[in-house]
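Residue numbers start from 1 in every chain, and the chains themselves are labelled A, B, ... in the order their sequence lines are given, proteins ahead of strands.
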Number of protein chains: 2
Amino acid sequence: MLSVHLRMLRQRTSISVDEQRAIEALVSEVRNVRADQAVIRAGETLTFSLLLLDGWTARTKDLASGDRQISELHISGDFVDLHGFMLKHLDHDLRAFTPCRLAVVPHERLERMLEKHPRLARIYWFLTNIDAAIHREWLLSLGQRSALSHMAHLFCEMCVRFDQIGMVEDGAYAFPLTQREVAECLGLTTVHANRMVQELRRRGLIELANRRVKILDHPRLEALAEFDPRYLYFDRREF
Amino acid sequence: MLSVHLRMLRQRTSISVDEQRAIEALVSEVRNVRADQAVIRAGETLTFSLLLLDGWTARTKDLASGDRQISELHISGDFVDLHGFMLKHLDHDLRAFTPCRLAVVPHERLERMLEKHPRLARIYWFLTNIDAAIHREWLLSLGQRSALSHMAHLFCEMCVRFDQIGMVEDGAYAFPLTQREVAECLGLTTVHANRMVQELRRRGLIELANRRVKILDHPRLEALAEFDPRYLYFDRREF
DNA sequence: CGTTTTATTGAGAGACTTCAAAAACCGTGG
DNA sequence: CCACGGTTTTTGAAGTCTCTCAATAAAACG
């Protein structure tokens, strides 16, 4: 059940059988949610964290006008609201963009597990730092990259992240977001996001159809995006 | 020496004398840096973390063009690169905007301290989550707020944060950033940032001069910014 | 197949940028 | 105390990226 999550961890460091058992014992139940639903709402008191087994979720924040900003996208294997473990309520909503399977991890179990496995505590702390690093890269994108470069960057990021869990085939991966949702990631209007998609197509950089992207020219796309994956900290290491 | 940091922590939760001693024992030395210097560069291997005793620093990321984005501002008492403790190198630069005094905390000491004081471990993990929460609010600002509202938001955020450490007098606090640096926070050009400053002045919302801001009309400034301080998680609680 | 959602197109408007230069401010040295 | 060079703030005008509004086409869904 946690195979993708474990694979993700094992890309970064070694996980012993003992540790693996401890992680597997965290899950109290599995919850299914439909697409376009709020999984967790800002402010809600949290007594458990969620680990995404399957599907796409995102962190979203809204303005009074209804304008929405997506601050991070999550894919299978991501421990989506580890933040809630420390914060006890979130400053943002967690929304499902596709039908999702989520593992429920009671904070109590997480606490006991971290006491027994301080090394895992560090790894999970580390993972929350990765979220912050992703946020910073998105800040750079929103503040300084052009719309086109920013969109290119998004496709690059998701590509490496999917690649990490072995879900890129021939440069292509599942991409179920609508252009409206892409626009909400990039701080653009739907109309302009659409024009940027077309421009990336016109330049022969990507194909986007049937809820799938294919990157046709990695080097040029990455150059356009000024993409440097080091902010994802994929280098293997000890904890 | 760590009085501001301890005051910050004690706003959020109780810190025992024992814990206070453990925190104070972290510091191996104090380092002084001049204004406009890089304190830590992206990629540098880190064996210590820095705690800002006095001054202003910021996290910055640059594009090849030289365009710079500031992703977070730090004030006295902030544990500025706790992230580096887990990440071992940063994805961004840490720059001093004023002359700064920084406490050096070797990772070794931090590790031993966290083993002995698991409660402090949680508090510091929590603090890195706060950084992420601030990043998310800035993402919302960059993506969805107008330049004017965004700038108003920045002044609101710094006001509450300074207030937490008792450094707001009569609605006014130290604000040593140049308009260029403000522009780098907001993803704007200096020219436009200047026009927004003037607009805030014209509306009677702020005074900005001599490296100090004074907020003249909190309610209207916060309304303009749609400022809701909950993302800073200032509510007191147990760990 | 009709209904709803998503993608696409066009035209005009506006927020923010660019370039360029002037004015004000600041620290230093005479 | 004033002169001076450098930085920061301010102003103007023209340009552009992105938005708004509005409508059509295409795809998804029951």
Side-chain angles (χ1 to χ4, degrees), chain A residues 34-37 56 63 65-70 95-99 141-154 174-203 206-213 224, chain B residues 34-37 56 63 65-70 95-99 141-154 174-203 206-213 224:
Chain A
R34 273 175 282 117
D36 302 313
Q37 260 197 317
W56 283 56
L63 246 31
S65 61
D67 291 333
R68 168 170 297 174
Q69 180 64 35
I70 294 173
R95 302 190 63 87
F97 282 169
T98 65
S141 287
L142 275 164
Q144 306 299 337
R145 283 189 244 258
S146 67
L148 192 69
S149 169
H150 189 176
M151 180 174 285
H153 195 277
L154 179 68
F175 193 86
L177 301 199
T178 64
Q179 292 187 9
R180 183 166 177 279
E181 288 155 350
V182 172
E184 287 170 350
C185 291
L186 307 182
L188 301 173
T189 56
T190 310
V191 172
H192 201 62
N194 175 266
R195 288 184 168 127
M196 296 301 102
V197 168
Q198 292 178 56
E199 177 64 16
L200 290 180
R201 284 192 190 118
R202 198 192 59 73
R203 296 193 186 188
I206 65 160
E207 259 169 23
L208 176 59
N210 305 317
R211 324 208 119 212
R212 245 185 126 63
V213 217
L224 173 60
Chain B
R34 273 176 283 115
D36 302 314
Q37 260 198 317
W56 283 56
L63 245 30
S65 60
D67 291 333
R68 167 171 297 174
Q69 180 64 34
I70 293 174
R95 301 191 63 87
F97 282 169
T98 66
S141 287
L142 276 165
Q144 306 299 336
R145 281 188 246 259
S146 66
L148 193 68
S149 169
H150 190 177
M151 180 174 285
H153 195 278
L154 179 69
F175 193 87
L177 301 199
T178 64
Q179 292 187 10
R180 182 165 177 279
E181 287 155 350
V182 171
E184 287 169 350
C185 291
L186 307 182
L188 301 173
T189 56
T190 309
V191 171
H192 200 62
N194 174 265
R195 289 182 169 128
M196 296 300 103
V197 168
Q198 291 179 56
E199 178 63 16
L200 289 180
R201 283 192 191 119
R202 198 192 59 73
R203 297 194 187 188
I206 65 160
E207 259 169 22
L208 176 60
N210 305 317
R211 326 209 118 210
R212 246 185 125 64
V213 218
L224 173 59

Return the value, rounded to whole Å, for the distance between atom [atom1] of [X] and atom [atom2] of [N].
X: Arg212(B); N: dC25(C); atom1: CZ; atom2: C1'; answer: 19 Å
X: Arg202(A); N: dA7(C); atom1: CZ; atom2: P; answer: 21 Å
X: Leu208(A); N: dA7(C); atom1: CG; atom2: P; answer: 8 Å
X: Leu188(A); N: dA15(C); atom1: CG; atom2: C1'; answer: 14 Å
X: Arg195(B); N: dT10(D); atom1: CZ; atom2: P; answer: 11 Å
X: Glu181(A); N: dT6(C); atom1: CD; atom2: P; answer: 7 Å
X: Glu184(A); N: dA7(C); atom1: CD; atom2: P; answer: 12 Å
X: Leu148(B); N: dA15(C); atom1: CG; atom2: P; answer: 11 Å

*asked:* If you compare every side-chain N and O of Asn194(B) against the phosphate oxygens of dT9(D) (OP1, OP2), does one of them come in below 4.0 Å?
replied: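 For dT9(D), OP1/OP2 do not have a side-chain N/O of Asn194(B) under 4.0 Å.
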
*asked:* Side-chain N or O of Gln198(B) versus OP1/OP2 of dT9(D): is the shortest distance under 4.0 Å?
replied: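 Answer no for this pair, as no side-chain N or O of Gln198(B) is under 4.0 Å from OP1 or OP2.
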
*Check for a donor-acceptor pair, side chain of Glu184(B) on one end and backbone N or O of Gln69(B) on the other, with a separation under 3.5 Å.*
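Side chain of Glu184(B) to backbone of Gln69(B), a donor-acceptor pair under 3.5 Å: no, none is there.
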
_Any donor-acceptor N/O pair, Ser141(A) side chain to His150(A) backbone, under 3.5 Å_ =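 Not a single qualifying donor-acceptor pair exists.
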
*Touch check for Val197(A), heavy atoms < 4.0 angstrom, all strands: base, sugar-phosphate only, or nothing?*
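Counting heavy atoms under 4.0 Å across all strands, no contact is made by Val197(A).
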
*Heavy atoms under 4.0 Å, any strand shown: does Arg201(A) hit a base, just sugar-phosphate, or nothing?*
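Contact class for Arg201(A): sugar-phosphate only.
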
*From the options dT18(D), dT18(C), dA22(D), select the nucleotide whose nearest atom is closest to the side chain of Val191(A).*
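Selected nucleotide (nearest to the side chain): dA22(D).
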
*Quick one: closest heavy-atom pair of Thr190(A) and Gln179(A), and the distance?*
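Looking at all heavy atoms of both residues, the shortest contact is CG2-C, 4.4 Å.
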
*Name the residue closer to the 5' end of DNA chain D, choosing between Arg145(A) and Gln179(B) according to the nucleotide with the nearest heavy atom.*
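In this pair, the answer is Gln179(B).
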
*Where each residue is assigned the nucleotide of DNA chain D containing its nearest heavy atom, which of His192(A) and Asn210(A) is assigned the position nearer the 5′ end?*
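This one resolves to His192(A).
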
*With a cut-off of 6.0 Å (strictly less than), are more than 12 heavy atoms of other residues, nucleotides or ligands near CZ of Arg180(B)?*
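No, the 6.0 Å shell around CZ holds no more than 12 heavy atoms from other groups.
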
*Lys/Arg-Asp/Glu bridge criterion (N-O < 4.0 Å) met for Glu199(A), Arg203(A)*: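 Counted as a salt bridge, because a side-chain N and a carboxylate O are separated by less than 4.0 Å.
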
